[in-house]
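All residue numbers in this chain count up from 1 along the given sequence.
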Amino acid sequence: MSAKIRRRKTVARHGQLRTPGPIGQLLKIVGIAMAVVLVSGMSVAAFVASDLLNTATADAVELEGQKPVPPDLGELKGGFNLLLVGTDNCESEYAHLFGERCTGADSEGTLNDVNILMHVSEEPRRVTAVSFPRDLMLPIPECTREDGSTTYAMSKQPLNSAYMDAGLSCVAKTITELTGQDIQFAASVTFGGVIEITDAIGGVDVCLANPIKDRYTRLDLDAGTHTVQGLEALQFLRTRHGVGDGSDLGRIGNQQQYMSSLARKLISGEVLGNVPVMLRLAHTALSNLEASTSLTNPTTLVQIGLAVKDVPFEDIVFLQYPTFEDPADANKVVPDYESATTMWDAIEANKQLQVTHQNTANDGVVIEDQPSTETGGETTAPTPTDTATPTDDGVEALPDNIKGNSAAQQTCSNGNVRQ
């Protein structure tokens, strides 16, 4: 008989908490699927499946309360959802890189500091990735642990405590109750996974409108374009003090710049047309993956890859879940349910999404018409652009408090040298 287990109090570490980037999750779900698709030849695909399936199933997680996934994704009316989670636990081989985060009083517990729900629509295929702030205060439901014990439901807790309570399944259950979206697939990645996966892909180009110097992550980059991978990529994805106003919301924008660049690289011939790179990526990703059982079927991975491989860049959109400042704590945020409802309704209606938010100096990125040109270590201030016209049929202009961009837009980090 399962026992109720009270949650441990989440470690209070808003000020200097470092966050793993979402690169690992996006690579795992989209990149692995594309790898299997692109190396077919059936003999090669069979080898990939047999070599990696045991690795993926070893740590597979059942998603509590979620509906069974049919063998044919075409049976999922309205498309499907993938939850992508980044956890801040420290593997022994990488702990020395992160100081107090992995060795001091700040090292207790494992938090889900990156949470992205990726929706893949029916035809015409569109991909929308919605990032949820780690400090979003919301109800967390009763969850079942791996040992069969259950946690108490909580009326108001930070989102990033859900993984510490009951793992990946609890994060999925929490996001489902917040959004009303069924989650068919889920996966998570750690610090070390981000390092290894970005090495496997050979790095991603990122643009800095201004220099970034962040003593917390030890990232020090000049303005201009850089190819980051391995530890430097993780530092880039974790930086908060180095972009915008130093908030986690600014960091989400910076992470989404990375994901936009990653999406362009994955879909380009540079990666998808390079079988050795894709095989290496698939092997590295699955070796670092904690996934739902629904993601352990190679046929499902192939179907996911086929569903997303031809999506136009303008229809790959990265959004931030809309929030208000929490009246009880200025360092936390609470859901803006009205704006969120407008966003989910547009996603479910499969409309082309138009971001109307105009970025400011407080945001983590700026948006350019074209990639920035470095001049004397500085770049010209960019002008925000849209990829859709409000009067176009099937276009939804989102509320202006929903930040984001499409993969068709060039974004650059709004860096600073805040110490």
Could you check whether any side-chain N or O of [X] sits under 3.5 Å from a backbone N or O of [Y], counting only pairs where one atom can act as donor and the other as acceptor?
{"X": "Ser413", "Y": "Gly415", "answer": "no"}
{"X": "Arg134", "Y": "Asp248", "answer": "no"}
{"X": "Glu348", "Y": "Gly78", "answer": "no"}
{"X": "Ser121", "Y": "Pro124", "answer": "yes"}
{"X": "Gln303", "Y": "Leu73", "answer": "yes"}
{"X": "Asn210", "Y": "Asn414", "answer": "no"}
{"X": "Asn115", "Y": "Asn112", "answer": "yes"}
{"X": "Thr198", "Y": "Gly230", "answer": "yes"}
{"X": "Ser261", "Y": "Tyr258", "answer": "no"}
{"X": "Glu64", "Y": "Ser169", "answer": "no"}

Requested in this report: Provide the full list of salt bridge (Lys or Arg N to Asp or Glu O under 4.0 Å) pairs with a residue in residues 402-413, sequence neighbours left out, each pair given once.
Outcome: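 Residue pairs passing salt bridge (Lys or Arg N to Asp or Glu O under 4.0 Å), neighbours aside: Asp363-Lys403.
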
Taking atom types as modelled, find out whether [X] and [Y] have a side-chain donor-acceptor pair closer than 3.5 angstrom.
{"X": "Asp182", "Y": "Thr176", "value": "no"}
{"X": "Ser131", "Y": "Gln320", "value": "no"}
{"X": "Asp214", "Y": "Thr239", "value": "yes"}
{"X": "Ser339", "Y": "Asn401", "value": "yes"}

Query - Distance in Å, Ile116 CD1 paired with Leu319 CG, rounded so as to fall on 0.5 Å steps - result: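 Spacing of CD1 (Ile116) from CG (Leu319) equals 11.5 Å.
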
**Report entry** Ser292 OG to Gln66 CD distance, which is reported to the nearest 0.5 Å
**Finding:**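 Those atoms lie 9.5 Å apart.
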
Non-neighbouring partners of [X] that pass salt bridge (Lys or Arg N to Asp or Glu O under 4.0 Å), sequence neighbours left out:
{"X": "Asp326", "result": "Lys156"}
{"X": "Asp336", "result": "none"}
{"X": "Glu232", "result": "none"}
{"X": "Asp205", "result": "none"}

What pairs with [X] under side-chain contact (heavy atoms from CB on, under 4.5 Å), at least two apart in sequence or on another chain?
{"X": "Glu196", "value": "Tyr94, Thr284, Asn288"}
{"X": "Asn81", "value": "Leu117, His119, Gln181, Gln184"}
{"X": "Glu177", "value": "Pro141, Lys173"}
{"X": "Thr341", "value": "Asp345"}

Requested in this report: Show your working on side chain to side chain contact (heavy atoms under 4.5 Å, CB included) between Val206 and Thr225 and close with a plain yes or no.
Outcome: CA-CA 6 Å; Val206 294; Thr225 300; over 6 Å; no

Query raised in the report: Just checking, Arg238 and Tyr216: is the charged tip under 6.0 Å from the six-membered ring centre and within 45° of the axis?
Result: no

Query - Any residue meeting ring pair (Phe, Tyr, Trp, His ring centres under 6.0 Å) with Phe80, in chain and number order, not counting sequence neighbours - result: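 Applying ring pair (Phe, Tyr, Trp, His ring centres under 6.0 Å) to Phe80 gives Phe185.
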
Query - Side-chain heavy-atom pair Val85, Thr87 within 4.5 angstrom cut-off - result: yes

**Report entry** Student check: side-chain heavy atoms of Ile201 and Leu262 closer than 4.5 Å
**Finding:**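 The answer is yes; the side chains approach within 4.5 Å.
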
Query - Non-neighbouring partners of Arg125 that pass side-chain hydrogen bond (donor to acceptor under 3.5 Å, both in side chains), sequence neighbours left out - result: none

Requested in this report: Can you sort out the partners of Tyr321 under side-chain hydrogen bond (donor to acceptor under 3.5 Å, both in side chains), two or more places apart, ordered by chain and number?
Outcome: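 Testing Tyr321 for side-chain hydrogen bond (donor to acceptor under 3.5 Å, both in side chains), a comparison that skips the adjacent residues, returns none.
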
